[in-house]
Amino acid sequence: MASYPTERSAYHLLHKIGAGVSAVVYKAVCLAKGPSSVVAVKSIDLERARVNLNDLRLEAKSMALLSHPNVLTAHCSFTVGTRLWVVMPFMSAGSLHSIISSAFPSGLPEPAIAVVLRHTLHALHYLHSQGHLHRDVKAGNILLHSDGSVKLADFGVSASIYDHPAASTSSTASSSFFCDVAGTPYWMAPEVIDSRNGYGFKADIWSLGITAMELAHGRPPLSHLPPSKSLVMRMSRRLSLDYVDDDGAGDRSRDMNKKKKKKKKFSKQFRDMVASCLVQDPSKRPTAEKLLKHPFFKSYYKSQECNYLVKHVLQGLPSVEDRFKEYYLISAASASHDGHEEEDQEEEEDDDDDIINGASSKNRRISGWNFNEDGLEFDPVFPNIINEKDLELVTQLNPCSSSPSSSAAKMINNNNELSSYPSSCSSSALLNIQADTKEGTNYTIVDAGVLVPSLVSLMCTLELQRQTVKGLLAAAVSDHETTQREEAAHGDGDHVGRGGGEFRGRAGGREQEERRSRGGD
Amino acid sequence: MKGLFKSKPKTPAELVRQTRDLLAFIDLNSNPREGKKEEKMVELFKLIRELKSILYGNSESEPVSEACSQLTQEFFKGNTLRLLIVCLPKLNLEARKDATQVVANLQRQQVQSRLIASDYLEANKDLLDILIAGYEDMDIALHYGSMLRECIRHQSIARYVLESEHMKKFFDYIQLPNFDIASDASATFKELLTRHKSTVAEFLSKNYDWFFAEYNSRLLESPNYITRRQAIKLLGDILLDRSNSAVMTRYVSSKDNLRILMNLLRESSKNIQIEAFHVFKLFAANSKKPPEIVSIFIANRSKLLRFFSDFKMDKEDEQFEADKAQVVREIAALEPKE
């Protein structure tokens, strides 16, 4: 790490390999280390990124202090004008998501899944032992190198229980508690979605289970669902590794699915492994360490690892930069032709957000899963809609929060950034006495210490439900996922950044979160 | 039968003593025979990890307060903290992280409702000097930085750092090229200037001249975007805190400060503009504006009013709009003072 230079002139940028609203990822050469030293440079626009600088600091710190062969860390990071450059190893084969989209649209063979997930589990075991949650495990964040090595990437949303004030004195690894919401919905565990009770390491295990299904089918479960189907009704749908899609997908695709009804066969061990990850009760899910001992991983142990991936997965793949170009062209084309421009932009912005700050997430939310172990199926449950008035209530009260700095609280507080000083919290202390006293009433009467945490969690749940509604309305393309990890950045920034505020305009929690950080437009 | 060979679990105090002995050995023998050193290191890492799991608990158990308190007492009875800090550069990455977490946790452990870490540090203030100088060594900066931030939770320790010569060095550390280290130094700097209200107010009054001269020229006028953005935000936090009202009054009476703030308002960065506005408004709202401030406002009145008519948050913000309207009223109503 020490040996990578911290100035812009030391790097020569070659190709764009990922892009989003506020970040671009390049393949680059580090000149100081000779022409063959290729790196990935993630360039984050700090003016546009919806992130507060303290979260960025914590992220940089985790990156600097982690060290594991299956965890992608940074060589160094430094600022260039209003951008933060993060220099990382270049993972030449790109993300698993991109590999699947490009060459395995109906999923990877089981031995490849075993190899990849085993590396991912090693990474998770390490992160968990370090007190970190990853919080966004998915194929888009699993990167491959052409030599067959595998790294788990993207700490945009990861969190450390040791850096968390709530964990400082009393909390233990087992009771780590996060009230804020992070991650990408399809992969999210029920207790993350329903975050009132907090969640811990087992949430990553859930996401790993969903990732397994994603690798097996070529996409995460439910991602094919058009969200317009049901607005208020609780949806209940069966979904399984053997995978049948029906009513939700509309008549046309139902017919197509019938034709394709040749079910993919999966081994008993694989199904069993996935099932163990997707147990509703987090305490009954295995730890990463325990899961590594599952027979599924043993059964493919012989598939000689790196070699297997190189021969069976990576051979003949287009380069990362070509895949990015192609992806970019396709998404740009679809965005301008199919009349869903607005929604696409929304979605891509959200994607970006997942990476950069993680506090918010994608359109469609699922409030729970009812898992049916025999059939290896689950029934997702969509949350109900909530009165907009309640959102407003939270909005009004939050400036008074002097709460613990859970990210959710921070999210609220971003609003005026003076929140750590309730005494002067209304920034108008000197200016607008009228307004100050009006708002102040709430906060002198009610004990903020009691009120704020409950409001924070209320806001989290409201936000989720609002997201669902938004998602259902937006009827957007779902498989807009990443092509690569760097896709950190997804989609092109300039292209995507314009417009796209219709739904945001009347959002409660979401709006606040964005208000500050979208400053650059 | 198994039980016979299993050694009795060590008490927390025993673990601390063993750790201390090993640290002392490693401290003295910078170059013992390789094999032997390796062995001792491995043992040391294990011990530090055990200390950590007593303090934080592990996947099987919550921390036990009695054990934590024994550990803490033994730790500060001897010179363990000093040895651990001094030997940190010799540990491997994982052991450094564990050690940092142990030290952080110990700052909050109470023994008979006393924070004995605070007493220890007060008697060993030179340890703070070592920790702060850590920002100059990339390898240990983040570890020492985390420890330092925990230590300055104690008011007397924060006062020591504030009043030391080290305060001046922070203006350099904040602008180190490595983002992770520079932002860690910023976080410490912010903590020093915001956590203990009365101490901060006292420090700022006593050191007003040099401190704000440095703050203005090195941070608010830094060529580095992120330095300016963090500095203007922190300045707002400081000045809007009631305990610093005397300092605030003084700050908003200086035309040089006003000039700097007006420049920040003109920045292309929206984030900086908005933070600058939160400080600028204090100049306008000051009911006892000195004549030189009034004349600057009057001289720039039309420009300022034009600026504010276009100056908007991306999202509707009532508070901001109200503040802005107030600022505009103040400036519009100014009469030249003879």
Side-chain angles (χ1 to χ4, degrees), chain A residues 1-2 6-7 46-47 53-54 56-57 60-61 63-65 67 74 76-79 81-82 84-86 130-131 162 167-175 201 287 399 415-418 420-421 423-424 426-432 434-435 504-505 511-512 514-521, chain B residues 56-63 93-94 96-97 101 104-105 108-109 138-139 142-143 146 177-184 186-187 194 224-226 229-230 233 236-237 240-243 268-271 273-275 278 281-282 284-286 313-315 317-320 322-323 325-327:
Chain A
M1 167 189 165
T6 48
E7 69 263 6
L46 298 176
E47 268 300 299
L53 295 180
N54 199 47
L56 211 57
R57 171 179 73 85
K61 187 175 149 189
M63 292 269 273
L65 294 180
S67 165
C76 66
S77 53
F78 53 95
T79 52
T82 64
L84 178 65
W85 277 28
V86 183
Q130 297 283 311
Y162 295 110
S168 51
T169 39
S170 57
S171 219
T172 66
S174 56
S175 67
F201 301 129
T287 60
N415 214 353
N416 66 7
E417 298 244 23
L418 291 164
S420 36
Y421 302 101
S423 59
S424 58
S426 167
S427 41
S428 63
L430 286 143
L431 289 170
N432 193 342
Q434 277 302 96
R504 272 185 276 136
E511 179 185 354
Q512 296 181 3
E514 284 178 356
R515 189 179 299 163
R516 280 194 60 81
S517 38
R518 300 268 316 149
D521 283 4
Chain B
Y56 286 93
N58 55 39
S59 50
E60 277 107 53
S61 55
E62 299 275 322
L93 178 66
E94 297 306 321
R96 286 177 187 183
K97 286 189 278 189
Q101 284 162 2
N105 187 293
R108 303 164 188 225
Q109 291 289 344
M138 275 181 57
D139 280 345
L142 293 177
H143 307 286
S146 298
N178 279 290
F179 175 76
D180 45 354
I181 299 173
S183 59
D184 193 274
S186 297
T194 52
N224 185 325
Y225 157 81
I226 209 156
R229 182 168 156 187
Q230 280 173 326
K233 162 88 167 65
D237 289 350
L240 283 157
D241 192 301
R242 269 181 203 162
S243 60
S268 57
S269 155
K270 192 84 177 187
N271 289 302
Q273 283 187 321
I274 285 169
E275 293 301 342
H278 288 310
K281 70 190 182 188
L282 300 172
N286 181 7
M313 294 278 218
D314 290 344
K315 291 278 184 278
D317 182 323
E318 276 178 35
Q319 196 55 65
F320 171 80
D323 287 358
Q326 182 77 12
V327 166

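By convention in this document, chain letters (A, B, ...) are assigned in the order of the sequence lines, proteins followed by strands, and residues within each chain are numbered from 1. Predicted model only: the values in this text are computed from it and were never measured.
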Margin query: Would you compute the distance between atom CG of B/D180 and atom OG of A/S77 and round it to the nearest 0.5 angstrom?
Written below: 4.5 Å

Margin query: So does B/S186 get a backbone contact from the side chain of A/R57, meaning a donor-acceptor N/O pair under 3.5 Å?
Written below: no

Notebook entry, point to check: Is the side chain of B/K97 donor-acceptor paired with the backbone N or O of A/L65 at a distance under 3.5 Å, no angle test?
Noted result: yes

Next item on the list: Select one option (side chain, backbone, both, neither) describing which atoms of B/E94 are under 4.5 Å from chain A's heavy atoms.
Entry: side chain

Notebook entry, point to check: At a heavy-atom separation under 4.5 Å, does B/N286 approach chain A through its side chain, its backbone, both, or neither?
Noted result: neither

Next item on the list: Start with the C-alpha distance between A/K61 and B/D184, add both sets of side-chain angles, then the distance that settles side-chain contact (heavy atoms from CB on, under 4.5 Å), and finish with yes or no.
Entry: CA-CA 8 Å; A/K61 187 175 149 189; B/D184 193 274; 4.3 Å; yes

Notebook entry, point to check: Under a 4.5 Å cut-off applied to non-hydrogen side-chain atoms, are B/K233 and A/L53 in contact?
Noted result: no

Next item on the list: Taking all heavy atoms of A/T79 and all of B/F179, pick out the closest pair and write down the distance.
Entry: CG2-CD1, 4.2 Å

Checklist line | Which of A/T287, A/L84, A/V86 touches chain B most, by non-hydrogen pairs under 4.5 Å | finding: A/L84

